[in-house]
Number of protein chains: 2
Amino acid sequence: MNTTLADIKDNFKELGIKSTLPRVVIYQALMKFTHHPSAEEIHIGIQKKYPGVSLATVYKTLDLLVQNNLASKVVTDEDKVRYDPRTDQHIHLYCKKTNKIVDHEDAGLEKLIADYLNLKGIPGFDIHQIQVNIKGELKTIIKK
Amino acid sequence: MNTTLADIKDNFKELGIKSTLPRVVIYQALMKFTHHPSAEEIHIGIQKKYPGVSLATVYKTLDLLVQNNLASKVVTDEDKVRYDPRTDQHIHLYCKKTNKIVDHEDAGLEKLIADYLNLKGIPGFDIHQIQVNIKGELKTIIKK
DNA sequence: TTCGTATTTAAGAATTATTATTATTTAGAG
DNA sequence: CTCTAAATAATAATAATTCTTAAATACGAA
Ligand SMILES: [Mn+2]
Ligand SMILES: [Mn+2]
Ligand SMILES: [Zn+2]
Ligand SMILES: [Zn+2]
């Protein structure tokens with residue numbers, strides 16, 4: 001993963017994005033979360049180490065990342081957008097209990113769907129992206 | 001479809017919902033739209049025939065419908081919720097061009113996914129609902 | 001290494017979808 | 001037809017996000 005400070009700076013430079021501390025910190029924080037944080041969560045998350053970064057900057061930076069394909073938006077039925085450090089297609093599990101959204105890898109299922117739709121298509125519709133969201137509950141794992 | 005005024009009133013009565021003109025009108029409007037309207041669209045849509053219904057009532061009624069399983073919420077990456085007069089599982093096509101969201105019937109695909117997940121399951125996760133959203137563009141149909 | 005400048009930032013105001021409050025109206029049980 | 005709990009309209013409040021602007025900063029050029 002391009003997760004070190006130097007990597008991120010290179011990453012930004014390649015895209016012609018000015019490398020500022022707030023941006024690096026926000027991007028790192030986004031990558032650290034596993035449950036797809038909101039802008040506010042990221043803002044809170046960076047407070048300890050980097051106080052003073054404004055919430056507006058968090059929003060603008062997240063937008064910038066999305067625009068440059070370094071992140072994507074994830075919508076929920078709450079009134080806040082959440083962010084994903086991945087931009088490739090993958091399945092999301094939405095936990096109704098914890099409100100966590102976690103990634104789920106299932107290449108088999110994704111291929112099944114893609115093949116089916118490649119073959120059959122959708123009349124009158126040009127497919128760009130297929131999203132599979134699975135709602136349910138994360139089970140509490142009992143370690144014995 | 002239970003779409004006549006009498007049907008809707010019966011429908012409401014069965015659920016113990018008081019049958020008021022605003023509610024009937026809002027519910028009818030929701031069913032008439034095919035592209036999954038926002039509360040505001042519904043509010044505007046009913047103005048001509050039934051002016052004076054407040055936007056707050058539209059919101060409250062839509063919530064009531066959702067609570068009683070007569071409608072469901074549909075989220076998008078815009079900051080407004082849209083509503084669906086269906087509550088059964090079905091596929092949505094999101095048109096990036098027109099912002100329309102249209103239903104797509106494909107029992108074959110839904111069964112394919114359901115069977116696959118029934119068999120394989122998702123470790124550590126209790127599946128309640130599977131949502132398939134397909135983003136892309138509605139093709140302009142050229143009638144000759 | 002400086003500069004110079006276009007870009008970015010922090011702060012706070014503004015916007016916008018949605019929800020809450022409350023006085024008034026109304027559905028519908030009796 | 002009356003009575004009353006529930007619904008409505010009007011409007012204020014809330015909360016996520018965006019906008020505005022003056023001050024700070026990155027970074028290419030000198
Ligand atoms: Mn909102
Ligand atoms: Mn909002
Ligand atoms: Zn993800
Ligand atoms: Zn639908």
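What you see below is based on every heavy atom in this structure, not just the backbone, and it leaves out hydrogens, waters and symmetry mates. Just so we're clear, the structure is a prediction, and the values are computed from it rather than from any experiment. Just so we're on the same page: letters track the sequence lines, and every chain starts at 1.
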### Query
Applying salt bridge (charged side-chain N to carboxylate O under 4.0 Å, His left out), which residue pairs with at least one partner in residues 87-103 of chain B are found, sequence neighbours left out?
B/Arg86-B/Asp88, B/Arg86-B/Asp103, B/Lys97-B/Glu137

### Query
Does any residue of residues 57-76 of chain A have a heavy atom under 4.0 Å from DNA chain C, and if so, which ones, in number order?
A/Thr57, A/Lys60

### Message
Measure NE2/B/His43 against C1'/C/dA17 and give the value in whole Å, please.
### Response
14 Å

### Message
Any side-chain N or O of B/Arg23 below 4.0 angstrom from OP1/OP2 of C/dA27?
### Response
no

### Query
CG of A/Asp79 versus P of D/dT18: gap in Å, rounded?
11 Å

### Query
Pairs in or reaching into residues 42-54 of chain B: which pass side chain to side chain donor-acceptor pair (under 3.5 Å), with residues at least two apart or in two chains?
B/Ser54-B/Thr57

#### Entry: Atom NZ of A/Lys135 with >12 non-hydrogen neighbours under 6.0 angstrom
yes

### Task
Would you please name every residue forming a side chain to side chain contact (heavy atoms under 4.5 Å, CB included) with B/Asp106, sequence neighbours left out?
A/Tyr116, A/Lys120, B/Ile91, B/His104, B/Leu109

### Task
Mind checking salt bridge (charged side-chain N to carboxylate O under 4.0 Å, His left out) for A/Asp115 and listing every partner two or more places apart, or none if nothing turns up?
A/Lys111

### Message
Roughly what angle, to 10°, lies between the helix axis at the start of the helix from C/dT1-D/dA30 to C/dG30-D/dC1 and the one at its end, five pairs per end?
### Response
40°

### Query
Using a cut-off of 4.0 Å on non-hydrogen atoms, how would the nucleic acid contact of B/Ala39 be classed: base, sugar-phosphate, or nothing?
nothing

### Query
Quick one: A/Phe12 CZ to C/dT7 P, roughly how many Å, whole number?
18 Å

### Query
What is the distance, rounded to the nearest whole Å, between atom CD1 of B/Ile26 and atom C1' of D/dT8?
10 Å

### Query
Rounded to whole angstroms, how far apart are CD1 on A/Ile46 and P on C/dT9?
11 Å

Distance-only donor-acceptor hits, side chain of residues 62-71 of chain A, under 3.5 Å, sequence neighbours excluded:
| from | atom 1 | to | atom 2 | distance (Å) |
| --- | --- | --- | --- | --- |
| A/Asn68 | ND2 | A/Leu64 | O | 2.8 |

Under-3.5 Å N/O pairs linking protein and nucleotides 26-30 of chain D:
| from | atom 1 | to | atom 2 | distance (Å) |
| --- | --- | --- | --- | --- |
| D/dC27 | OP1 | A/Ser19 | N | 2.9 |

### Task
Starting from the C-alpha separation in whole Å, work towards a yes-or-no answer on ring-ring contact (aromatic ring centres under 6.0 Å, His included) for B/Tyr27 and B/Phe12.
CA-CA 10 Å; B/Tyr27 188 34; B/Phe12 283 173; 5.7 Å; yes

## Note on the structure
Sorted by chain and number, sequence neighbours left out, salt bridge (charged side-chain N to carboxylate O under 4.0 Å, His left out) with A/Arg23 holds for none

### Query
For B/Asp77 and C/dA17, what is the distance between atoms CG and P respectively, to the nearest whole Å?
15 Å

### Task
Please state how far atom CG in B/Leu55 lies from atom P in D/dT8, giving the value in whole angstrom units.
13 Å

#### Entry: A/Glu78: partners by salt bridge (charged side-chain N to carboxylate O under 4.0 Å, His left out), with sequence neighbours left out
A/Arg82

### Message
Which residues pass the salt bridge (charged side-chain N to carboxylate O under 4.0 Å, His left out) test with A/Asp10, not counting sequence neighbours?
### Response
none

### Query
In the hydrophobic clustering (ILVMFWY, side-chain contacts below 4.5 Å, transitive), which residues join B/Tyr94, or is it alone?
B/Val74, B/Ile101

#### Entry: Interatomic distance where CD belongs to B/Glu40 and P belongs to C/dT15 [whole Å]
16 Å

